[in-house]
Amino acid sequence: MPIDVARATAAEARSTELTWGHKDVQLYHLGIGAGLPATDADELRYTLESRLHVLPSFATVAGGGMAMAGGMAAPGIDVDLAAVLHGGQRVELHRPIPVSGRAVQKSRVAAVYDKGKAAIIVLRADVADADGPLWTCDTQIYVRGEGGFGGERGPSARLDPPRREPDRVVERATRPDQALLYRLSGDWNPLHADPEFAKLAGFDRPILHGLCSYGIVLKAVVDTVLGGEVARVTSYATRFAGIFFPGETLRIRIWVQEGRVQVSATAVERDDAPVLADTVIQHS
Ligand SMILES: CCCCCCC[C@@H](O)CC(=O)SCCNC(=O)CCNC(=O)[C@H](O)C(C)(C)COP(=O)(O)OP(=O)(O)OC[C@H]1O[C@@H](n2cnc3c(N)ncnc32)[C@H](O)[C@@H]1OP(=O)(O)O
């Protein structure tokens with residue numbers, strides 16, 4: 001079996017050194033659509049090195065995508081990349097992310113669930129620098145065709161949107177070449193760039209990285225309801241509920257609650273097809 005659950009979950013955490021600088025942060029921000037409109041002075045906090053603030057979702061690419069590379073190369077995990085979809089993501093911030101850093105990531109396979117038609121691999125990465133813990137990332141990888149091994153089914157709870165109109169609805173257009181720009185931050189999966197590979201994976205054309213939509217949505221929430229203060233975000237969790245194509249527009253519905261913001265994101269051009277669900281941003 002390509003996933004050896006016992007071996008994968010028993011393996012010791014792998015240590016990887018992560019380093020990043022202001023240029024990595026700027027490239028990541030540009031990859032999720034920051035800097036537009038170019039005349040908007042507020043956007044400079046994402047693009048100008050002298051004013052740079054780091055969006056917390058940068059945690060998912062810090063060190064050039066080492067989290068992804070490490071996760072897919074874990075002992076006991078040997079899956080076909082064409083069968084892999086990003087299922088869900090959670091980032092918990094222990095303190096604001098510095099503009100440049102050197103840190104150690106300890107990553108391990110926390111669980112593997114058996115959903116019958118698919119397996120879900122849950123990766124946990126704890127990152128700390130010389131001053132202590134920085135962030136924890138939980139990544140859920142959905143592997144089509146790898147279920148049915150008799151394992152635990154795992155959680156299945158869903159978070160319904162509140163039964164009232166959203167407090168804000170914003171739209172964020174993406175560029176046709178959004179994935180080509182975003183992948184330069186380290187997720188080189190050809191699913192997002194190579195039409196032949198996308199076909200092999202069952203899609204008409206390359207789809208956008210889940211983590212690119214993840215970043216776009218966080219930035220939209222920070223900019224519209226958190227006063228642009230990235231450091232207020234303490235955690236951010238989502239489930240990737242449906243694919244999204246570069247060039248489409250995200251409709252982001254925002255419900256403001258005590259200490260948290262609940263969000264859903266859909267594809268405007270495809271009749272509000274779900275893209276992000278079960279999405280909660282907690283903040284101070
Ligand atoms: C370290 C980093 C590594 C990252 C690796 C990824 C690298 C990236 O380059 C790859 C990407 O970015 S891919 C792009 C982003 N992701 C997507 O587009 C996926 C979108 N979602 C889908 O297509 C479907 O929801 C789909 C296909 C995911 C599921 O749809 P269905 O098959 O219809 O599922 P359904 O029948 O509703 O449910 C079956 C069981 O699975 C659970 N489940 C469903 N969606 C899930 C999801 N997104 N995440 C986790 N669990 C999920 C359901 O709960 C259900 O289980 P149960 O019956 O026990 O409740």
Side-chain angles (χ1 to χ4, degrees), residues 8 14 16 18 31-32 57 59-74 77 79-91 105 107-127 136-148 151-159 174 178-180 182-194 197-198 201-217 237-246 248 250 265-267 270 273-279:
R14 288 158 52 104
T16 319
L18 309 183
I32 58 157
S57 49
T60 59
V61 300
M66 289 310 291
M68 156 118 168
M72 299 310 288
I77 304 286
V79 294
D80 177 6
L81 189 60
V84 164
L85 287 171
H86 203 151
Q89 185 67 48
R90 180 171 191 276
V91 174
Q105 167 178 280
S107 58
R108 64 192 167 84
V109 175
V112 181
Y113 297 124
D114 182 352
K115 297 294 185 184
K117 59 183 170 182
I120 293 180
I121 303 171
V122 183
L123 302 172
R124 158 70 57 101
D126 288 298
V127 175
T136 299
C137 275
D138 286 308
T139 302
Q140 296 200 13
I141 303 172
Y142 189 97
V143 193
R144 296 172 287 175
E146 290 294 346
E152 249 183 77
R153 200 166 175 94
S156 74
R158 291 279 193 272
L159 181 66
T174 61
Q178 197 77 52
L180 302 180
Y182 178 82
R183 69 199 297 269
L184 302 181
S185 283
D187 183 344
W188 302 100
N189 189 345
L191 175 62
H192 311 294
D194 178 348
F197 188 90
F203 301 107
D204 293 343
R205 54 197 159 107
I207 63 173
L208 191 62
H209 304 73
L211 287 179
C212 182
S213 306
Y214 183 79
I216 294 170
V217 167
T238 198
R239 176 170 61 86
F240 297 110
I243 56 167
F244 184 79
F245 293 102
E248 293 184 327
L250 279 171
T266 56
R270 280 181 292 117
V275 180
L276 262 58
D278 305 355
T279 306

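Below, all heavy atoms of this structure are taken into account, side chains as well, without hydrogens, waters or symmetry copies. First listed ligand is number 1; within each ligand, the first listed atom is number 1. Predicted model only: the values in this text are computed from it and were never measured.
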Requested in this report: Output yes when the distance from some N or O of ligand 1 to some N or O of Asp187 is under 3.5 Å, and no in every other case.
Outcome: yes
Checking heavy-atom distances from atom 9 (O) of ligand 1 to each of His192, His209, Arg183, the winner is His192
Contact region, His86 to ligand 1, non-hydrogen atoms below 4.0 Å, reads both
To atom 59 (O) of ligand 1, the nearest of Glu152, Arg153, Gln89 on a heavy-atom basis is Arg153
Counting from 1 in the order shown, the ligand 1 atoms closer than 4.0 Å to a non-hydrogen atom of Leu123 are 1 (C)
- For ligand 1, is there an atom lying under 4.0 Å from some heavy atom of Arg144? no
Q | Under 3.5 Å donor-acceptor, Asp138 side chain and Arg90 backbone | A | no
* Asked: With no hydrogens and no angle check, is any side-chain donor or acceptor of Asp114 less than 3.5 Å from a backbone partner on Arg153?
  -> no
Per side chain to side chain contact (heavy atoms under 4.5 Å, CB included), Ile216 is matched among Val275, Leu250, Leu276 by Leu250
Closest to atom 52 (C) of ligand 1 (heavy atoms only, candidates Asn189, Ile120, Ile121) is Ile120
Are Gln89 and Thr139 linked by a side-chain donor-acceptor pair shorter than 3.5 Å? yes
So the atoms of ligand 1 within less than 4.0 Å of a heavy atom of Gly242 turn out to be 18 (O), 20 (C), 21 (N)
**Message:** Polar contacts were defined as any N/O atom of the residue lying under 3.5 Å from an N/O atom of the ligand; does this apply to Gly210 and ligand 1?
**Reply:** yes
Out of Gln140, Lys115, Arg158, the nearest non-hydrogen contact to atom 44 (C) of ligand 1 is supplied by Arg158
Within the 4.0 Å heavy-atom cut-off, what Ile243 brings close to ligand 1 is both
inquiry  = Under a 3.5 Å distance rule, please check whether Arg144 uses its side chain to pair with a backbone N or O of Ala201 as donor and acceptor.
reply    = yes
Logged contact type for Leu208 with ligand 1, heavy-atom cut-off 4.0 Å, is backbone
Mind checking whether Arg239 has an N or O less than 3.5 Å away from an N or O of ligand 1? no
| Any sub-3.5 Å donor-acceptor pair from Gln178's side-chain atoms to Gly31's backbone N or O? | yes
The single option from Pro206, Ser213, Cys212 that satisfies side chain to side chain contact (heavy atoms under 4.5 Å, CB included) with His209 is Cys212
> Would you say Ala241 has any N or O atom under 3.5 Å from an N or O of ligand 1, going by distance alone?
Replying inline: yes
Going by the 4.0 angstrom heavy-atom rule, the piece of Pro155 near ligand 1 is neither
Contact region, Tyr142 to ligand 1, non-hydrogen atoms below 4.0 Å, reads side chain
Are the side chain of Glu248 and the backbone of Phe245 linked by a donor-acceptor contact shorter than 3.5 Å? yes
One should read off an interatomic distance between Thr60 OG1 and His86 NE2, to the nearest 0.5 angstrom, of 8.0 Å
Exercise for review: Look only at the side chain of Ser107 and the backbone of Arg124, and say whether a donor-acceptor pair between them is shorter than 3.5 Å.
Suggested key: no
